[in-house]
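For this chain, numbers begin at 1 and follow the sequence in order. Worth knowing before you read on, the calculation uses all heavy atoms, side chains too, and leaves out hydrogens, waters and symmetry mates.
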Amino acid sequence: MDNFQYVTMQGDTFDMLALDVYNDEAKASLIIQANPQYADVLIFDAGVVLTIPLITAQAAITLPPWMR
């Protein structure tokens, strides 16, 4: 799985980022798992560097329908 770095803006949340990146706020757990040191943060300050895992199209195809 590939990743990219994201620098937070004031007010960002894991679910907002998941909605922006994956079009699914329920996938916030993927971002939390990639950044366990920030798992207890609800609302980010500006300037925090997060690792955002990218989901490939192939990975999405192998998921059961209820998880796509």
Side-chain angles (χ1 to χ4, degrees):
M1 188 178 297
D2 292 326
N3 300 312
F4 72 92
Q5 301 297 307
Y6 173 78
V7 179
T8 61
M9 295 185 290
Q10 179 69 37
D12 279 347
T13 62
F14 283 117
D15 58 336
M16 283 175 44
L17 294 173
L19 186 61
D20 287 346
V21 175
Y22 308 124
N23 202 31
D24 185 356
E25 60 192 10
K27 289 188 171 73
S29 63
L30 296 173
I31 303 172
I32 295 168
Q33 289 172 358
N35 301 278
Q37 68 276 30
Y38 300 113
D40 62 341
V41 176
L42 297 178
I43 301 173
F44 284 95
D45 292 328
V48 177
V49 179
L50 297 175
T51 299
I52 308 293
L54 295 177
I55 301 173
T56 63
Q58 181 64 26
I61 291 171
T62 61
L63 292 174
W66 64 88
M67 294 184 72
R68 290 185 195 157

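- Under the 6.0 Å cut-off for aromatic ring centres, Phe44 and Phe14 qualify, their centroids lying closer than that.
- For the atom pair Met9 CE and Met16 CE, the distance stands at 7.0 Å (nearest 0.5 Å).
- Screening Val7, Leu17, Asp12 for a side chain to side chain contact (heavy atoms under 4.5 Å, CB included) with Leu50, the sole residue that qualifies is Leu17.
- Between the side chain of Thr8 and the backbone N or O of Val48 there is at least one donor-acceptor pair closer than 3.5 Å.
- How far CD of Glu25 is from OG1 of Thr13: 8.5 Å, rounded to the nearest 0.5 Å.
- A side chain to side chain contact (heavy atoms under 4.5 Å, CB included) with Leu30 is found for exactly one of Asn35, Ile55, Leu54, namely Ile55.
- Residues Ile32 and Ala39 share a closest heavy-atom pair of CG2-CB, 3.9 Å.
- The shortest side-chain heavy-atom distance between Val21 and Phe4 falls under the 4.5 Å cut-off.
- The closest side-chain heavy-atom distance from Ile31 to Tyr6 is not below 4.5 Å.
- In this structure, the side chains of Gln5 and Ile52 stay at 4.5 Å or more apart for every pair of heavy atoms.
- Between Ala28 and Ala18, the shortest heavy-atom contact is N-CB, 3.5 Å.
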